[in-house]
J.: 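The structure that follows is given in the form of structure tokens.
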Amino acid sequence: MKTQIDITKLPQHIAIIMDGNGRWAKQKGKLRVFGHESGAGTLRNIIQATAELGIPYLTLYAFSTENWNRPKAEVNALMSLLFRGLQKEIKMLHQNNIRLNAIGDMDSLPTNVQKELQKSIELTQHNTRCTITLALAYGSRQELIQAVKKIASDVKNNIISLDDIDELRINQELYTRKMPNVDLLIRTSGEHRISNFLLWQIAYAELYFTKVLWPDFTPEHLYQAIINFQQRERRFGKTSEQLSK
């Protein structure tokens, strides 16, 4: 299936809602944490496949602001898994010229995770092959509220005027200010929701939903999503006739 992909029409930014770890584990009679551990292996494979294709940006919904409301034992297990994952995988990312980035409320993460994350980001900061962004303690509404507050403060303090507020200005106040908007959003597990993920950035993204649970999601499934993306007509408000001229 990889050979069917048109490398001249690749999405520049793919975002993935990695959903279904808990259900996958439940189907196998295991604890939810077993699903999260298996999902980490999937993540490694998808990152490598994305880099090999030459896609510049991949953003992954790893932990939402709402996920703090899950049982404490599961949250602790997820944080432990994140810490161990950073320690284990950062060498692979660096050797493959992949840059690690993170967006969200980093201050709310456990101290050991913050330190390991910062160390990983600094180690890979000059890598150029692909940027992998982990959305951690992330919520799009929270992100937009912060942006509005910053812009309102700038207006109040006469740093900018009301007329200076436009899409570019708002983009500059988002976590994703240095990234292009999302071209393709993928959600696994069969759910058809955005779940407070990159609401501003996916305004014109193509949405792709699959019933495959995240631990079962393979590079072949990624290729299928990209092929589907390439078969769509992206009009950005224009008509088909306008695009054909």
Side-chain angles (χ1 to χ4, degrees), residues 13-25 31-33 35-37 39-40 42-43 46-47 57-86 100-121 131-153 170-182 184-203 205 207 209 213-215 217:
H13 188 175
I14 295 178
I16 304 180
I17 301 175
M18 307 178 291
D19 195 21
N21 290 338
R23 275 166 283 171
W24 184 87
L31 295 175
R32 290 177 60 87
V33 67
H36 296 310
E37 290 171 350
T42 297
L43 177 55
I46 297 305
I47 288 174
Y57 295 92
L58 174 65
T59 300
L60 303 148
Y61 208 6
F63 191 85
S64 73
T65 50
E66 292 79 16
N67 286 157
W68 290 118
N69 297 320
R70 291 189 175 186
K72 186 176 180 180
E74 182 174 350
V75 171
N76 290 340
L78 284 167
M79 291 298 114
S80 177
L81 181 61
L82 174 59
F83 178 75
R84 288 183 281 113
L86 289 168
L100 182 67
N101 183 39
I103 57 175
D105 182 11
M106 300 299 115
D107 291 339
S108 67
L109 299 174
T111 302
N112 66 330
V113 172
Q114 290 184 45
K115 290 181 178 179
E116 197 64 32
L117 186 61
Q118 187 58 38
K119 184 168 68 174
S120 299
I121 290 172
T131 296
I132 304 299
T133 300
L134 300 179
L136 296 164
Y138 173 87
S140 189
R141 288 181 174 181
Q142 169 203 54
E143 178 184 27
L144 290 167
I145 288 170
Q146 284 186 193
V148 169
K149 286 182 176 179
K150 177 61 167 61
I151 292 171
S153 175
I170 294 172
N171 277 325
Q172 290 174 346
E173 301 301 337
L174 300 178
Y175 294 132
T176 55
R177 62 182 67 88
K178 295 181 180 180
M179 292 186 273
N181 286 326
V182 177
L184 172 61
L185 173 70
I186 300 170
R187 180 167 188 154
T188 59
S189 87
E191 301 290 354
H192 293 73
R193 292 190 297 274
I194 304 304
S195 297
N196 197 21
F197 185 45
L198 301 174
L199 300 178
W200 175 274
Q201 298 87 341
I202 64 168
L207 309 184
F209 301 102
L213 301 176
W214 178 248
F217 192 80

J.: Which residues satisfy the side chain to side chain contact (heavy atoms under 4.5 Å, CB included) test with Arg84, sequence neighbours excluded?
T.: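 Arg84 satisfies side chain to side chain contact (heavy atoms under 4.5 Å, CB included) with Glu37, Ser80, Leu81 once adjacent residues are dropped.
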J.: Give a yes-or-no answer on whether the side chains of Trp200 and Asn181 include a donor-acceptor pair shorter than 3.5 Å.
T.: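 No, Asn181 and Trp200 have no side-chain donor paired with an acceptor closer than 3.5 Å.
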J.: Is the number of heavy atoms from other residues, nucleotides or ligands within 6.0 Å of CG (Leu144) greater than 12?
T.: yes
J.: Using ring pair (Phe, Tyr, Trp, His ring centres under 6.0 Å) as the criterion, list what pairs up with Phe83, not counting sequence neighbours.
T.: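 With sequence neighbours excluded, Phe83 shows a ring pair (Phe, Tyr, Trp, His ring centres under 6.0 Å) to no residue whatsoever.
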J.: Which residues satisfy the side chain to side chain contact (heavy atoms under 4.5 Å, CB included) test with Thr131, sequence neighbours excluded?
T.: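 Per chain and number, Thr131 pairs via side chain to side chain contact (heavy atoms under 4.5 Å, CB included) with Tyr57, Arg99, Asn101, Thr133.
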J.: Taking all non-hydrogen atoms of both residues into account, name the closest pair between Arg23 and Ser189 and its distance.
T.: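 That would be NH2-OG, 3.0 Å.
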J.: Quick one: side chain to side chain contact (heavy atoms under 4.5 Å, CB included) partners of Phe63, sequence neighbours excluded?
T.: Asn67, Trp68, Val75, Leu78, Met79, Leu136
J.: List in chain and number order the residues that pass salt bridge (Lys or Arg N to Asp or Glu O under 4.0 Å) with Lys149, two or more places apart in sequence or in another chain; answer none if no residue qualifies.
T.: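 Partners of Lys149 by the salt bridge (Lys or Arg N to Asp or Glu O under 4.0 Å) criterion come out as none, since no residue qualifies.
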J.: Mind jotting down which residue pairs meet the side chain to side chain donor-acceptor pair (under 3.5 Å) criterion with at least one end in residues 102-114? Sequence neighbours excluded, please.
T.: none
J.: Who passes side chain to side chain donor-acceptor pair (under 3.5 Å) against Thr188, sequence neighbours left out?
T.: none
J.: Using side chain to side chain donor-acceptor pair (under 3.5 Å) as the criterion, list what pairs up with Lys150, not counting sequence neighbours.
T.: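 Partners of Lys150 under the side chain to side chain donor-acceptor pair (under 3.5 Å) test: Asp154.
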J.: Who pairs with His36 by side chain to side chain donor-acceptor pair (under 3.5 Å), at least two apart in sequence or on another chain?
T.: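 If we apply the side chain to side chain donor-acceptor pair (under 3.5 Å) test to His36, skipping adjacent residues, the hits are Asn21, Glu74.
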J.: Considering only residues two or more places apart or on different chains, which pairs with a residue in residues 135-147 satisfy side chain to side chain donor-acceptor pair (under 3.5 Å)?
T.: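 Listed by first then second residue: Tyr138-Glu143, Glu143-Gln201, Gln146-Tyr175.
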J.: Just how far is it from atom CD1 of Ile47 to atom CD1 of Ile132, taken to the nearest 0.5 Å?
T.: 5.0 Å
J.: For Asn196, give me all partners under side chain to side chain donor-acceptor pair (under 3.5 Å), at least two apart in sequence or on another chain.
T.: Glu66
